[in-house]
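Keep in mind the model is a prediction, meaning the values are calculated, not measured.
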Amino acid sequence: MKEMLNIRKANINDHEFLVLIDLKNDGYSLSDVVSMTEQDKEEHSKKIAGYLTDSDKGAFVIEDLALNQSIAMIMYSIEACPK
């Protein structure tokens, strides 16, 4: 049976997808995003870029191979536990 889903490490080409899904997860609708100030959009974009560049963060993208599109994402950050 052919695999229908693929999970892979996110890269810079996934930045816009990560931003949009994160905003949706935060409760923003498409019309909310359109009405955001450019400064708010830029700040959110920079925050998400950290998941692609910082050594203590990361992201994965889940793709539907039959549809040839990204359908979900997982972002994570690693924090040291206090002793």
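Listed by chain and number, the residues in a side chain to side chain contact (heavy atoms under 4.5 Å, CB included) with I78 are Y76 (sequence neighbours excluded).
For the 3.5 Å distance criterion, the side chains of E63 and N6 qualify, holding a donor opposite an acceptor.
Looking at heavy atoms from C-beta onward, M36 lies in side-chain contact with L23 at the 4.5 angstrom threshold.
Side-chain heavy atoms closer than 4.5 Å link hydrophobic residues (I, L, V, M, F, W, Y) into clusters, and following such links, possibly through other members, connects I48 to I12. Taking hydrophobic clusters as Ile, Leu, Val, Met, Phe, Trp and Tyr residues chained together by side-chain heavy-atom distances below 4.5 Å, I71 does not share a cluster with M75.
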Only pairs under 3.5 Å count here: list side-chain donor-acceptor contacts from residues 15-22, not counting sequence neighbours, and write none if there are none.
residue, atom, partner, partner atom, Å
H15, NE2, S45, O, 3.0
H15, NE2, S45, OG, 3.3
D22, OD2, H44, NE2, 2.8

For a quick test of your reading: what N or O donor-acceptor pairs under 3.5 Å do the side chains of residues 52-62 make, sequence neighbours left out?
residue, atom, partner, partner atom, Å
T53, OG1, A49, O, 3.2

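Atom CG of N11 has more than 12 heavy atoms from other residues, nucleotides or ligands within 6.0 Å. Atom CD of E79 is surrounded by 12 or fewer heavy atoms from other residues, nucleotides or ligands within 6.0 Å. Heavy-atom neighbours of K9 NZ from other residues, nucleotides or ligands within 6.0 Å: above the threshold of 12.
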Could you walk me through whether K41 and E38 pass salt bridge (charged side-chain N to carboxylate O under 4.0 Å, His left out), step by step?
-> CA-CA 5 Å; K41 289 179 188 176; E38 288 303 314; 3.7 Å; yes

